[in-house]
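Down below is the structure, laid out as structure tokens.
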Amino acid sequence: MSIADLPRVYPLAQLLVFLRHKGMTARHIAFGAGVLFFLWASYHTFFSPQSFSFPGEIYVAPPTTTTPETWRYRAEQVKAAFIHAYHGYELHAWKSDELRPMSGTGQNNFNGWGVTVIDSLDTMYLMGLRDEFDRAVRFVEHSNFTQPASQGLYAPFFETVIRYLGGLLSAYALSRDTILLQRADDLGGLLSPAFGTDSGFPDFGVSTSTGERRGPPIGILAEIASCQLEYTYLAKETGKKRYFDLADNVVKTLSHANLSNVGGMPPTRWSNTLGTPFDTHLSVGAQADSAHEYLLKQYLLTAKTDRKSLEMYIRTTTHILTNLFYLSPTRHFLYVTDTTGNGHGVTRPSHTFEHLSCFLPGLLALGAHTLPLSDLASIGINLNDLAKNLSPESKIDYAKMSKYNLRDVHLWAAEGLAQACYLTYVDQPSGLGPDEIVIYGTPDRSKPNNQVLGGERWFDALEAWKRSGGRGTPPGLTPTAPVVYTEKERVYGPAKSRPLRDYGIRKTGYLLRPETLESFYILHRVTGDSRWREHGWTIFKSIVKQTKTPSGFASIRNVQLSPAIQQDDMPSYFTAETLKYLYLMFTDEDLIPLDKYVFNTEGHPLPIFEWSPQEKSGWNIS
Ligand code: DMJ
């Protein structure tokens with residue numbers, strides 16, 4: 001039989017006959033096959049692209065078949081973690097602000113009024129920890145906020161509002177224990193001299209014993225514009241108009257500002273004297289984050305009456321989505337960065353991507369869930385009208401955005417960015433996300449120190465995708481496989497056969513921050529997609545593995561090391577936010593329905609309320 005006689009469907013048989021024809025014995029053939037198999041197996045074990053997660057490869061999350069019993073168990077695990085942390089605080093640091101979880105001591109870094117107790121009140125309540133809650137309420141009952149803060153005479157206004165005032169108000173809203181409202185009223189009053197600047201923006205700090213203010217004349221956006229929820233709800237519950245006026249004045253001053261050269265988005269620095277913007281730095285990260293959050297949430301808290309806040313939210317998110325979102329050059333994941341403008345339409349992105357910015361997917365998803373973004377006209381909003389006083393460049397961006405279904409764009413951005421936040425965790429040997437990364441430019445392996453930064457603007461890619469028919473997954477939404485560098489790769493760079501991760505780590509610590517988990521919680525509630533809470537569980541396991549100490553949980557210094565090196569602090573937001581969002585995410589019961597509550601920026605839920613006709617007319621609320 002000749003080779004040609006064999007059917008074409010038998011290529012292996014053809015090869016064997018051919019080799020025999022050439023005089024090879026069966027033993028030769030078997031040896032050759034063995035060598036080939038060895039080479040093939042080695043290649044696939046050590047070098048094959050498939051054994052590494054190459055950029056662009058689609059990562060498909062395993063289908064989730066987790067049962068309700070398992071979710072209940074997971075929620076209990078989070079509760080156990082809370083108990084471990086809080087009992088550690090009670091035992092080793094009671095009445096101090098925060099626990100030092102390695103040395104088993106306390107530290108006073110937020111006025112010395114026991115911030116961990118007050119920041120954790122509502123978490124205890126939601127977890128059903130009645131004894132701990134009662135002990136904490138008794139502590140609050142005997143608190144005295146007029147005593148000078150232990151770290152100096154001035155209480156930092158922003159931190160005191162979001163942690164203490166927000167904590168008291170939320171615990172009051174859930175439990176209706178009036179002592180909590182009385183203390184909130186005391187504290188709100190003692191802090192209110194901070195608003196005595198010429199603009200009415202709160203100053204950096206205030207003495208609660210003398211009422212003196214302190215702070216630079218240039219204020220930070222997050223610090224001047226993240227008090228509206230707390231003061232408005234305090235006004236509602238106490239009936240005190242002056243609290244409402246203080247918060248409303250901040251909203252009014254922001255809404256009257258000229259933001260024409262910054263795309264309608266409030267920049268990071270403001271004059272506390274004039275109430276006007278002081279720079280053109282636009283960010284959703286440090287020093288800005290919660291101010292954007294409060295635009296949407298103030299509108300929602302007031303049962304959708306604070307229209308100024310709503311319009312600012314739509315402008316701000318339109319500018320963020322068109323100008324601050326980018327795609328990484330290699331793995332094409334979505335990230336959000338900050339920009340600095342020259343005031344004449346030219347802006348420069350830094351291409352840093354902060355963990356703090358990972359609250360944004362949750363905010364965008366919340367907006368998509370609660371606002372009629374697909375039909376803004378139904379509430380009398382038109383994107384082109386909102387751009388009326390903006391620069392020609394911004395008018396073009398807003399006009400382009402108006403051609404989309406806005407709800408889709410907000411949800412795409414939320415999903416893509418949340419995936420990227422998750423990626424920064426699962427890329428690390430510790431399983432925890434770094435505090436700040438910087439995205440590299442298109443890699444040029446021939447120049448190892450190539451410092452070009454950043455990828456393509458997301459909105460440009462979205463426009464191109466739309467022009468080509470908008471088929472398939474929008475840019476930035478395809479889940480990306482993790483790339484975990486070995487210790488050697490971390491030091492010397494990855495081998496040629498290995499994928500590039502397309503970012504460098506600028507701040508290596510994981511500080512027990514909540515933002516990524518907060519977004520997963522909201523995304524899970526809004527979309528019903530279990531993928532988010534599976535991701536939450538993955539992160540929770542890493543938190544326990546890397547950060548648990550005998551008395552609590554500790555921030556870690558470098559997410560690239562496992563086991564991680566811990567540092568001696570447990571911020572109060574860990575029990576206020578991180579563990580609360582995990583618990584709410586895993587609990588099937590919807591303890592905090594998103595159409596009934598808004599979370600302040602420290603994770604404290606406040607109930608949405610309607611103004612009464614008397615309040616509307618007496619307080620001049622339109
Ligand atoms: C928290 O105190 C708040 O969420 C704040 O708005 C931002 N930073 C921390 C947590 O990272």
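Numbering starts at 1 and runs along the sequence shown. For ligands, and for the atoms within them, numbers begin at 1 and follow the listed sequence.
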### Task
Would you check whether R163 reaches within less than 4.0 Å of ligand 1, judged by its heavy atoms?
yes
### Message
Donor-acceptor check, side chain of D97 to backbone of G112, threshold 3.5 angstrom: yes or no?
### Response
yes
### Result of checking V78, L517, L523 against M585 for side-chain contact (heavy atoms from CB on, under 4.5 Å)
L517
### Task
Identify, for atom 10 (C) of ligand 1, the protein heavy atom at the shortest distance, and state residue, atom and that distance.
E515 OE2, 3.2 Å
### Message
Can you name the atoms of ligand 1, numbered from 1 with element, that are less than 4.0 Å from a heavy atom of P514?
### Response
10 (C), 11 (O)
### Query
Does a salt bridge link R74 with E534, judged by any charged N lying under 4.0 Å from a carboxylate O?
yes
### Task
Return a yes/no value for R513: is any of its N or O atoms, backbone included, closer than 3.5 angstrom to an N or O of ligand 1?
yes
### Task
Check whether any side-chain heavy atom of S120 sits under 4.5 Å from a side-chain heavy atom of F82, and report yes or no.
yes
### Query
CZ/F195 to CG/N249 distance, rounded to the nearest 0.5 angstrom?
9.0 Å
### Query
So between T601, L512, T578, L356, whose heavy atom ends up nearest atom 8 (N) of ligand 1?
L356
### Query
Can an N or O of E577 be found at a distance shorter than 3.5 Å from an N or O of ligand 1?
yes
### Message
Considering both backbone and side-chain atoms of E602, is one of its nitrogen or oxygen atoms within less than 3.5 Å of a nitrogen or oxygen in ligand 1?
### Response
yes
### Query
Of T424, L511, T508, which is the lone residue that meets side-chain contact (heavy atoms from CB on, under 4.5 Å) with D435?
L511
